S.K.: 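Questions regarding the structure given below will be posed in turn.
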Amino acid sequence: MTKIGIIGSGNIGGALTELFSKAGHEVAIANSRGPDSLTDLARETGARPATIAEVVRGSEIVVVAVPMRRVGELPSDLFADAPTNLIVIDTSNYYPRQRDGRIEQVEAGMTESGWVQRQLGRPVVKAFNSIIAGHLLNKGRPAGGVGRVALAVAGDDAQAKATVMRLVEEIGFDAVDAGTIEQSWRQQPGSPGYLKDYDAAGVRRALAEATGVRTPDWQATPNSPGTFASPA
C-alpha cells in the first residue's frame, strides 16, 4: 500500500482516485473548493478528503490533476518542506485555444511538463495525460491481455519513473518509457499517440513518429482561450 495524494477532483483526478483506491492504496483527495466538496467522491471510493497542503504532507506520491492554467495558482511553497523522495505526477495538457490561453514559454518550445516543473519547483513524472478519463476508468485489463492499452510515462528520475510505471501496470495498463521530460513533447496533445488507446507496440511506434512541431490547432491565437465547444 502506497500513500497517494491527488490534487484535483475533475475527470482524471476522480478516475485515478477510484482506480488507486481499488488497487489497495491509501488515497487522499483535495481540490480548490476544500474537503467538504469531496464528500460524495470520498464515499464512493473510500478516499480521504483533505486540504491541498495535507495531501502533500501525508503522501509518498502526489498527483497534480488540475487544468494546466491552474498549476501556477497552487501555493508557491506547496512542496517547500516535502521530502526529496516525494514523487510528483503531472497529468496536465496544454489546451491554449480551448481553456488555458497563451503560455509563452510553452509556445516558445518548452515542454508542457517542463513548464509545470518550473511552476511547482519540483521534478515531475508525466503520466495519465494521453487517455480519456472514461477510458482510464473502463479499459484497464489484466497483464498479458491481447490489445491491452498502454500509457506513455516520461521523467528524469529513473527510480521515480519506474515507480509510476508500476502504478500504471497495477491499474490495468502497460507502461511505456517515453524518455525524459525534455522528450515528453512526444506524448503531448497533437502527437501521433495522443488519445489513441494503442497497445505497447503502438505507443512506441507513435513516440518514434512524433515531431517537435506544435501544429496550429495547439497554438494560442490573439483571441485565446475560447471553449472546448468553440475554440479561439
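The analysis underlying the following values was restricted to heavy atoms, covering all of them including side chains, and did not include hydrogens, waters or symmetry mates. Worth saying up front: this structure is predicted, and the values here are computed from it rather than measured.
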S.K.: With a 4.5 Å heavy-atom cut-off, do I61 and T2 have their side chains touching?
M.R.: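 I61 reaches T2 side chain to side chain.
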S.K.: Ignoring hydrogens, what is the shortest heavy-atom contact between A133 and A15? Give both atom names and the distance.
M.R.: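 In terms of heavy atoms, the two residues are closest at O-CB, 4.1 Å.
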S.K.: Please report the interatomic distance CE(M165) to CG(L151), rounded to the nearest 0.5 Å.
M.R.: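 Result: 10.0 Å between the selected atoms.
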S.K.: Looking at D199 and R148, does any basic side-chain N land under 4.0 Å from a carboxylate oxygen?
M.R.: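 No, this pair does not count.
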S.K.: With hydrophobic residues grouped by side-chain heavy-atom distances under 4.5 Å, do W185 and I89 end up in a single group?
M.R.: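 No, separate clusters.
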S.K.: Step by step, work out the side-chain contact (heavy atoms from CB on, under 4.5 Å) result for I87 and V62.
M.R.: CA-CA 6 Å; I87 297 171; V62 171; over 6 Å; no
S.K.: Flag yes if V153 and F128 sit in one hydrophobic cluster, no otherwise; membership is Ile, Leu, Val, Met, Phe, Trp, Tyr, and two members link when side-chain heavy atoms are under 4.5 Å apart.
M.R.: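 V153 clusters together with F128.
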S.K.: Going by side chain to side chain donor-acceptor pair (under 3.5 Å), H25 matches just one of E170, E60, K3. Which one?
M.R.: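 With H25 as partner, side chain to side chain donor-acceptor pair (under 3.5 Å) holds for just one option, E170.
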S.K.: Could you pull out the closest heavy-atom pair between K161 and A154, with the gap in Å?
M.R.: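 Scanning both residues, the minimum pair turns out to be CD-C, 4.0 Å.
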S.K.: Using a strict 4.0 Å threshold on nitrogen-to-oxygen distance, state whether E73 and R70 make a salt bridge.
M.R.: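 Result for this pair is yes, salt bridge flagged.
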S.K.: Does any N or O in the side chain of Q183 come within less than 3.5 Å of the main-chain N or O of T180, such that one atom is a donor and the other an acceptor?
M.R.: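 Flag set: sc Q183 to bb T180 pair under 3.5 Å.
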S.K.: Hey, quick one: are I171 and L137 part of the same hydrophobic cluster, counting side-chain heavy atoms closer than 4.5 Å, chains of contacts allowed?
M.R.: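 Linked, I171 and L137 end up in one cluster.
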S.K.: Output all residues satisfying side chain to side chain contact (heavy atoms under 4.5 Å, CB included) with A200, sequence neighbours left out; order by chain, then residue number.
M.R.: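 A200 satisfies side chain to side chain contact (heavy atoms under 4.5 Å, CB included) with A150, D174, V176, R204 only.
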S.K.: Are I7 and L38 joined in one hydrophobic group, where the rule is that I, L, V, M, F, W and Y side chains link up if heavy atoms are under 4.5 Å apart?
M.R.: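 Result: no, two separate clusters.
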S.K.: Please say which of K126, R122, Q119 ends up in a side chain to side chain contact (heavy atoms under 4.5 Å, CB included) with D90.
M.R.: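 Answer to the side chain to side chain contact (heavy atoms under 4.5 Å, CB included) test with D90 among K126, R122, Q119: K126.
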S.K.: Determine, step by step, whether I29 and L41 satisfy the side-chain contact (heavy atoms from CB on, under 4.5 Å) criterion, reporting the C-alpha distance in whole Å, the side-chain angles of both residues, the deciding distance to 0.1 Å, and the verdict.
M.R.: CA-CA 9 Å; I29 178 76; L41 182 60; 4.0 Å; yes
S.K.: Students often mix this up, so state it plainly: with edges at 30° and 60°, are the rings of Y95 and W218 parallel, tilted or perpendicular?
M.R.: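 Y95 and W218: tilted rings.
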S.K.: Would you say S9 and R33 make side-chain contact, with heavy atoms under 4.5 Å?
M.R.: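 A side-chain contact under 4.5 Å exists here.
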S.K.: Checking the side chain of S113 only, and the main-chain atoms of V116 only, is there a donor and an acceptor separated by less than 3.5 Å?
M.R.: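 Here the side-chain-to-backbone pair does not exist.
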S.K.: Can you name the residues that form a side chain to side chain donor-acceptor pair (under 3.5 Å) with R118, not counting sequence neighbours?
M.R.: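 Here no residue qualifies.
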S.K.: Short question: side chain of D77, backbone of A80 - any donor-acceptor pair under 3.5 Å?
M.R.: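 Such a contact is absent between D77 side chain and A80 backbone.
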S.K.: Is the shortest heavy-atom distance from the side chain of Y198 to the side chain of V149 under 4.5 Å?
M.R.: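 No - every pair of side-chain heavy atoms lies 4.5 Å or more apart.
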S.K.: With no hydrogens and no angle check, is any side-chain donor or acceptor of R48 less than 3.5 Å from a backbone partner on A42?
M.R.: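 Such a contact is absent between R48 side chain and A42 backbone.
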S.K.: Are the side chains of N31 and V66 in touch, meaning some heavy atoms are under 4.5 Å apart?
M.R.: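 Counting from C-beta outward, N31 and V66 never come under 4.5 Å.
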S.K.: Quick one: CZ on R97 to CZ on F228, what's the gap to the nearest 0.5 Å?
M.R.: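 If I round to the nearest 0.5 Å, the distance is 12.0 Å.
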S.K.: Should V164 and V203 be counted in the same cluster of Ile, Leu, Val, Met, Phe, Trp and Tyr side chains packed under 4.5 Å apart?
M.R.: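 No: no chain of side-chain contacts under 4.5 Å links V164 to V203.
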S.K.: Under a 4.5 Å cut-off applied to non-hydrogen side-chain atoms, are Q187 and N129 in contact?
M.R.: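 Yes, side chains in contact.
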S.K.: For the side chain of S21 and the backbone of E18, is there at least one donor-acceptor N/O pair under 3.5 Å apart?
M.R.: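 Not at all, since once roles are kept as given, no pair shorter than 3.5 Å links the two residues.
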S.K.: Between T17 and A47, what is the shortest heavy-atom contact and its length?
M.R.: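 Closest heavy-atom pair between T17 and A47: CG2-CB, 3.5 Å.
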S.K.: For V56 and A82, which heavy atoms make the closest approach, and how far apart are they?
M.R.: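 Minimum heavy-atom separation between V56 and A82: CG1-CB, 4.2 Å.
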S.K.: Should the heavy atoms of other residues, nucleotides or ligands under 6.0 Å from CG of N11 be counted, would the total exceed 12?
M.R.: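 No, because the 6.0 Å sphere around CG of N11 holds 12 heavy atoms or fewer from other groups.
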S.K.: Testing the basics here: between A50 and A28, what is the closest heavy-atom pair and its distance to 0.1 Å?
M.R.: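 Minimum heavy-atom contact is CB-CB, 4.5 Å.
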S.K.: Can you measure from CG (N223) to CZ (R102) and round to the nearest 0.5 angstrom?
M.R.: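 So the CG of N223 and the CZ of R102 are separated by 11.0 Å.
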S.K.: With no hydrogens and no angle check, is any side-chain donor or acceptor of S230 less than 3.5 Å from a backbone partner on G226?
M.R.: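 Judged by distance alone, no pair lies under 3.5 Å.
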S.K.: Using the rule given for side-chain contact (heavy atoms from CB on, under 4.5 Å), can you reason through V64 versus V124, listing the C-alpha separation, both sets of side-chain angles and the distance that settles it, and then say yes or no?
M.R.: CA-CA 9 Å; V64 178; V124 301; over 6 Å; no
S.K.: Could you grab the distance from atom CD1 of I6 to atom CZ of F20, nearest 0.5 Å is fine?
M.R.: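 I6 CD1 to F20 CZ: 6.0 Å, rounded to 0.5 Å.
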S.K.: Of all heavy-atom pairs between A178 and A152, which one has the smallest distance, and what is that distance?
M.R.: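 A178 and A152 have their closest heavy atoms at CB-CB, 3.9 Å.
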S.K.: Do E107 and Y94 have side-chain heavy atoms sitting under 4.5 Å apart?
M.R.: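 A side-chain contact exists here, since the closest heavy-atom pair is under 4.5 Å.
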S.K.: Can you measure from CD1 (I12) to OG1 (T91) and round to the nearest 0.5 angstrom?
M.R.: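 Here the interatomic distance stands at 6.5 Å.
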S.K.: Check for a donor-acceptor pair, side chain of S59 on one end and backbone N or O of G5 on the other, with a separation under 3.5 Å.
M.R.: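 Such a contact is found between S59 side chain and G5 backbone.
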S.K.: Given salt bridge (Lys or Arg N to Asp or Glu O under 4.0 Å), test R214 with E112 step by step and report yes or no.
M.R.: CA-CA 12 Å; R214 186 175 291 277; E112 295 166 17; 3.3 Å; yes
S.K.: In Å, rounded to the nearest 0.5 Å, how long is the span from OG of S130 to CG of L207?
M.R.: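 Nearest 0.5 Å value for the OG-CG distance: 8.5 Å.
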S.K.: Can you establish whether the number of heavy atoms outside E182 located under 6.0 Å from its atom CD is more than 12?
M.R.: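 Not more than 12 within 6.0 Å, no.
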S.K.: Given side chains that start at C-beta, do those of I4 and E26 come closer than 4.5 Å, heavy atoms only?
M.R.: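 The answer is no; the side chains never approach within 4.5 Å.
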S.K.: Report yes if the side chains of Q117 and V71 come closer than 4.5 Å at any heavy-atom pair, otherwise no.
M.R.: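 No, every pair of side-chain atoms sits at 4.5 Å or beyond.
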S.K.: Applying side-chain contact (heavy atoms from CB on, under 4.5 Å), run through Q188 and N93 and close with a yes or a no.
M.R.: CA-CA 7 Å; Q188 291 178 171; N93 289 308; 5.6 Å; no
